[in-house]
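Report on the following structure.
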Protein chains: 2
Amino acid sequence: MARRPTTHDPFNAVAEPKRRMILEVMGSTERSVNELVVLLDWPQPMVSKHLGVLKKVELVKEHRQGRQRLYRVNMEKLKPIHEWVTPFEKYWSESYERLDEVLEILKKKEK
Amino acid sequence: MARRPTTHDPFNAVAEPKRRMILEVMGSTERSVNELVVLLDWPQPMVSKHLGVLKKVELVKEHRQGRQRLYRVNMEKLKPIHEWVTPFEKYWSESYERLDEVLEILKKKEK
DNA sequence: TCATTATATACCCATATGGGAATATGTCAA
DNA sequence: TTGACATATTCCCATATGGGTATATAATGA
């Protein structure tokens with residue numbers, strides 16, 4: 001089996017920095033493709049293609065309006081990423097690092 | 001340019017579910033390769049190869065001890081992922097969704 | 001030295017990638 | 001109908017992937 005496609009899930013879709021930038025730039029605002037092209041200063045096909053990936057994993061919702069297509073971030077689909085990474089957060093503090101050392105020392109003393 | 005290598009950064013490394021599982025299983029505990037092989041019930045080369053990727057992006061630290069190699073999660077490298085996804089969190093609550101609708105209605109009324 | 005244990009590496013292959021350029025589709029307005 | 005605008009799609013290619021199997025490296029103990 002090869003690497004899983006970028007369209008397989010949000011984790012893969014978001015591994016590409018350009019797609020993260022799109023989500024950042026959009027924020028909570030609905031944007032047309034052209035607005036994004038201007039804001040990001042990328043070629044239009046590039047924006048469309050990345051939006052296509054984001055749409056397939058439902059990280060963005062598309063809404064047609066005349067000849068424009070308006071996109072907005074679907075925050076729900078970012079939840080799993082947040083929920084996966086958050087449990088590790090409790091080990092980040094320096095105090096925890098020190099606690100860890102203390103426990104190691106105590107372990108050795110027990111012997 | 002092709003897709004960026006899995007070893008390019010933690011975002012790419014963690015896009016693979018098996019590598020996320022390794023980090024979950026390790027938690028805050030130092031583990032030898034064989035312990036992981038037993039805990040995960042995967043072929044040993046598979047574990048080693050995924051650990052190799054995680055090591056290259058420094059998501060794990062390696063510590064040799066006799067013929068064993070002990071690995072532990074390097075929580076620091078997970079921070080950027082947490083920090084990237086967290087700002088979107090404020091838009092997750094239902095109340096915000098409703099607020100958004102209210103604002104849309106107000107906008108229409110202005111016209 | 002040799003056998004054993006612990007781990008890493010090499011080889012194979014089908015598959016998707018992202019960028020660029022060109023072109024297609026779709027929708028409006030006159 | 002025709003042209004202009006907005007967006008999507010197609011074609012190209014070098015490159016890395018993850019799984020499986022086999023083998024290499026490294027460290028230990030007898």
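Here is the naming used below: chain letters follow the sequence lines, and residue numbers restart at 1 for every chain.
Contacts between residues 60-68 of chain B and DNA chain D, defined by a heavy-atom separation below 4.0 Å, involve B:G66, B:R67, listed by number.
Under 4.0 Å is where a charged nitrogen must lie from a carboxylate oxygen, and between B:K61 and B:E58 at least one such pair does.
Without hydrogens or angle criteria, A:Q68 side chain to A:Q65 main chain gives no donor-acceptor distance under 3.5 Å. A distance-only check finds no donor-acceptor pair linking the side chain of A:R19 to the backbone of A:V14 [under 3.5 Å].
Across every non-hydrogen atom of A:R3 and B:R4, the tightest pair is NH1-O, 2.9 Å. The two atoms that bring B:P87 and B:Y91 nearest to each other are O-CE1, 4.0 Å, heavy atoms only.
Atom NZ of A:K55 is separated from atom C1' of D:dT7 by 11 Å (rounded to the nearest Å). One interatomic measurement links the two molecules: CG of B:L51 to P of C:dA8, which rounds to 7 Å at whole-angstrom precision. Counting to the nearest Å, the P atom of D:dT17 and the CG atom of B:L54 are 13 Å from each other. Rounded to an integer number of Å, the gap from B:K56 NZ to D:dT17 C1' is 13 Å. Computed from coordinates, the B:R69 CZ to D:dT28 C1' distance equals 15 Å when rounded to whole Å.
Summarising the geometry, atom CG belonging to B:L54 is positioned 12.0 Å from atom CD belonging to B:E62; distances are rounded to the nearest 0.5 Å. Distance CZ/B:F11 to CD1/A:I81: 8.0 Å, rounded to 0.5 Å.
In summary, of the residues considered (A:R72, A:M26, A:E30), a side-chain contact (heavy atoms from CB on, under 4.5 Å) with A:V60 occurs for A:M26 alone.
Positionally, the nearest nucleotide of DNA chain D for A:N34 lies more toward the 5' end than for the other of A:N34 and B:T7.
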List, with names and distances, any nitrogen or oxygen atoms from the protein found under 3.5 Å away from nitrogen or oxygen atoms belonging to nucleotides 18-22 of chain D.
from	atom 1	to	atom 2	distance (Å)
D:dG18	OP1	B:R19	NH1	3.3
D:dG18	OP1	B:R19	NH2	2.8
D:dG18	O4'	A:M1	O	3.0
D:dG18	N3	A:M1	O	2.6
D:dG19	OP1	B:K18	NZ	2.6
D:dG19	OP2	B:H50	NE2	2.9
D:dG19	N7	B:K49	NZ	3.3
D:dG20	O6	B:K49	NZ	2.6

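Close to D:dA8, at under 4.0 Å from its OP1 or OP2, lies a side-chain N or O of A:Y71.
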